[in-house]
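These notes concern the structure reproduced below.
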Amino acid sequence: MQIPETIEAVIAEFDGRQEPLDAHSIQSALSRARTALVDKPAISDAWADLVAFAVQAEQEDRPPWNTYFGPMGSGTDPDGKVVYFPDFRQLTPDIVDHWEQRAEAVMHPVMKARYADLVWDLSRNAADRKPDVRFARIAIESYIASVADGRNAGEHDDVEAMKRALQLATSIRDDEKTGIVKDMMIDRFHIAVEKGSWWRSLYEALTTNRKSGLTANQKSVLVAGLETVLTRFIADETLDPHGAERVASHLIPFYSAGEDSDSAKRVGLAVSEAFEKIAARGSRMQAMAWLEPAAEFARRAGDSDRFKRLRVERETAIRDAASEMKSFSVSHKIEKSEVDEFVSMLIDDENWQQSLFNIAARFIEPKAELRHQAKESAAKHPLQSIFAVSVIADDHVAARIGGEDDEDGALYRFADLARQPYRLFLSKALDAAVETHKLSPEEIAAFVQGTGLFSDFPLVVAGIKAWMEGDYVKCMFVLVPQIEDAFRNLARKLGESVTKDKRGQKGWEVSTNLGDLLAMEKVKAEVGEDIHFWVRAIFADGRGMNLRNLVAHGLASREAATYYNCELVIHSMLMLGAYPDVATMCVRKVEALRKRRAETVSMERAEEDEPISGHFL
């Protein structure tokens, strides 16, 4: 490996500096120097130093190697393969050898620590060899020196250096260095408490590393610091309930482990009161959010009276928050000819059963397609996909959609969005089927009963008749329970138990509800993931419409009994009346969409590769 002179010059210049350094500044300078190179071998050799400062620290939980140092980011190439920036998989034994030489040659502690730590951290993966412990010791000493001599660019770099030094020292059982780093971190913790920054990171590093050897007195000192921070966060003039919550996440477990229930209760109530105070200062919508942790910390503190009071206050805030919410609407013009053409494709003039089947199959969006739409939306609006959205019922939060812990949440949102444009189309298609074939409620019910899932045929007829006559209240409250009945019969047919123990009553049993039935793997496999998800999104999940729960628990208002909601119920029953064939149509629809997208991508690539011809001046 022949390192270019310009790269050597950059390394020498930074190594000779006496002022603080950070990895980003070195990376930027090396990147500029490498970009100026024209010789391909030189560019390749220059990467050895550039990658050393382009990596990101504290990446143990990330691919490709789950090592301390990792790529700054990742993505996918046009073929769908994962790529990393920088790509660690391009590291070679020669590069590790080069890092060893740098670690011994450079003098600035920031640079020396980086090179030595890379050797220790990546030798097994990059060079397939056991790392020499000497480099771990060099890294520890250099991290200590970078902090002690003020050679890091900022507090964050100091904290990161101390944390890594402690991690390395304990991993190689260097008790002397462990003690030195631990004392440095405790001293810095006191400063951080006074300044209000980095105290949490230092506390967590010291207390989660079981090999750090914290004494009982040192733990007490750290807890006293946390109490100081808590006092600041709950004071009226510096009120910060979220900060108090972060402190409590450490204090409560500490006191609970020591069986100091009084202190744990005191901290919990302090945080609860802090959230209640800020809730009183904000809007009703803010109070709705802030009273939730206020009540939760009251519960954790064991104050049941306070917990109940705050729950009632939060329910009131949720009801009042409706007046602060704004409505947004988007208009879309649909030509009558467009609707007529669409409906004409669905209605078979000669076969009424075919018409109903076409409607059942057309108005369901496959789950894979919803997932594709959600992925495209997340790419266009990355921040929106991170934040959770609360679904507000009359006096409670019915569900939260999205966020990092809800992978499928966005699909419920897209299922609802996918239904909106077709409201008019579904309505007109059902009307056309009834009018064209002069259908009676009994005929539609006979189609619905095609798979034998519905127990009470006369009741199904009555509900469909109510829909046809515009009695949407009767239709809703008669037919929604029939969806649950259908899935109960399906589960029974598949050999599943359809009862469960009644909570709190030993020996008593109750019927399983729609949520329980949809959770059965046999049921999901029988109807297919598309129908399963569609039914769940409409009837049995708080992230969706949740019609079954609204009706069953008396939460459905008169406004819920609309022609549109009733037509969704009718469509769902038609879908269940022919579910094997509808499921097959969904699979075919997904395959067709995938083929169409693949053809589009191929055409776009062909256009990009097409040679340009013409005359140029």
Side-chain angles (χ1 to χ4, degrees), residues 18-23 57-58 60 68-69 103 106-118 120-121 133-232 243 246-247 249-251 253-255 257-258 260 263:
Q18 296 301 310
E19 63 268 25
L21 286 183
D22 66 90
E58 299 181 314
E60 293 95 335
Y68 176 75
F69 291 108
V106 297
M107 299 302 295
H108 198 292
V110 171
M111 300 177 72
K112 199 175 191 71
R114 174 58 66 97
Y115 281 116
D117 202 352
L118 285 168
W120 175 253
D121 189 48
V133 72
R134 180 166 58 92
F135 290 96
R137 299 188 189 282
I138 292 174
I140 295 168
E141 292 170 357
S142 300
Y143 281 129
I144 292 173
S146 71
V147 176
D149 300 340
R151 307 297 291 278
N152 287 307
E155 287 183 82
H156 170 266
D157 298 313
D158 272 352
V159 172
E160 188 177 277
M162 287 186 286
K163 288 167 59 179
R164 180 56 174 166
L166 181 67
Q167 190 179 30
L168 290 172
T170 55
S171 69
I172 66 172
R173 299 180 181 179
D174 188 330
D175 294 338
E176 179 185 358
K177 291 298 189 297
T178 297
I180 293 172
V181 178
K182 181 174 61 175
D183 290 341
M184 289 179 69
M185 294 177 74
I186 292 174
D187 290 341
R188 182 60 65 92
F189 174 78
H190 292 308
I191 298 173
V193 166
E194 293 301 317
K195 297 176 67 174
S197 63
W198 301 110
W199 55 267
R200 186 181 188 183
S201 186
L202 290 163
Y203 178 87
E204 290 177 347
L206 285 164
T207 56
T208 58
N209 189 333
R210 297 183 178 181
K211 299 178 182 179
S212 64
L214 282 175
T215 65
N217 182 62
Q218 287 172 330
K219 291 179 182 178
S220 298
V221 168
L222 293 175
V223 169
L226 294 184
E227 289 281 6
T228 299
V229 178
L230 178 64
T231 300
R232 184 187 306 134
R246 289 192 293 272
V247 181
S249 68
H250 298 299
L251 283 177
F254 175 81
Y255 288 132
D260 187 351
S263 294

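What you see is a predicted model; the values in this text were computed from it and never measured.
Pairs engaging residues 167-193 under the ring-ring contact (aromatic ring centres under 6.0 Å, His included) rule: none recorded [sequence neighbours left out]. Judged as a side chain to side chain donor-acceptor pair (under 3.5 Å), the pairs with a partner in residues 205-214 (not counting sequence neighbours) are, in order, Thr170-Asn209.
Judged as a salt bridge (charged side-chain N to carboxylate O under 4.0 Å, His left out), and not counting sequence neighbours, Arg151 has no contacts. For the salt bridge (charged side-chain N to carboxylate O under 4.0 Å, His left out) test, residues two or more places apart in sequence or in another chain that qualify with Glu155 are Lys195. Residues meeting the side-chain contact (heavy atoms from CB on, under 4.5 Å) test with Asp260, sequence neighbours left out: Tyr255, Asp262, Ser263. Annotation: salt bridge (charged side-chain N to carboxylate O under 4.0 Å, His left out) contacts of Glu204 (sequence neighbours excluded): Arg200. Annotation: side-chain contact (heavy atoms from CB on, under 4.5 Å) contacts of Glu19 (sequence neighbours excluded): Arg17. Here Arg232 pairs with nothing under the salt bridge (charged side-chain N to carboxylate O under 4.0 Å, His left out) rule; sequence neighbours left out. The ring-ring contact (aromatic ring centres under 6.0 Å, His included) search around Tyr203 returns His250, not counting sequence neighbours. Applying the side-chain contact (heavy atoms from CB on, under 4.5 Å) criterion to Ala161, with sequence neighbours excluded, gives Tyr143, Ser146, Val147, Asn152. With sequence neighbours excluded, no residue satisfies side chain to side chain donor-acceptor pair (under 3.5 Å) with Asp187. Partners of Gln167 under the side chain to side chain donor-acceptor pair (under 3.5 Å) rule, at least two apart in sequence or in another chain, are Glu60, Arg164.
Closest approach of Val181 to Met162, counting heavy atoms only: CG1-O, 3.4 Å. Scanning all heavy atoms of the two residues, the minimum distance from Ala165 to Ile140 falls at O-CG1, 4.2 Å.
Under the 3.5 Å distance criterion, the side-chain polar atoms of Asp121 are matched with a main-chain donor or acceptor of Tyr68.
For the atom pair CZ (Arg188) and CE (Met185), the distance works out to 10.5 Å, reported to the nearest 0.5 Å. Expressed to the nearest 0.5 Å, how far CH2 of Trp199 lies from OG1 of Thr228 amounts to 11.5 Å. The structure places CG of Leu202 at 10.5 Å from CG of Leu166, a figure rounded to the nearest 0.5 Å.
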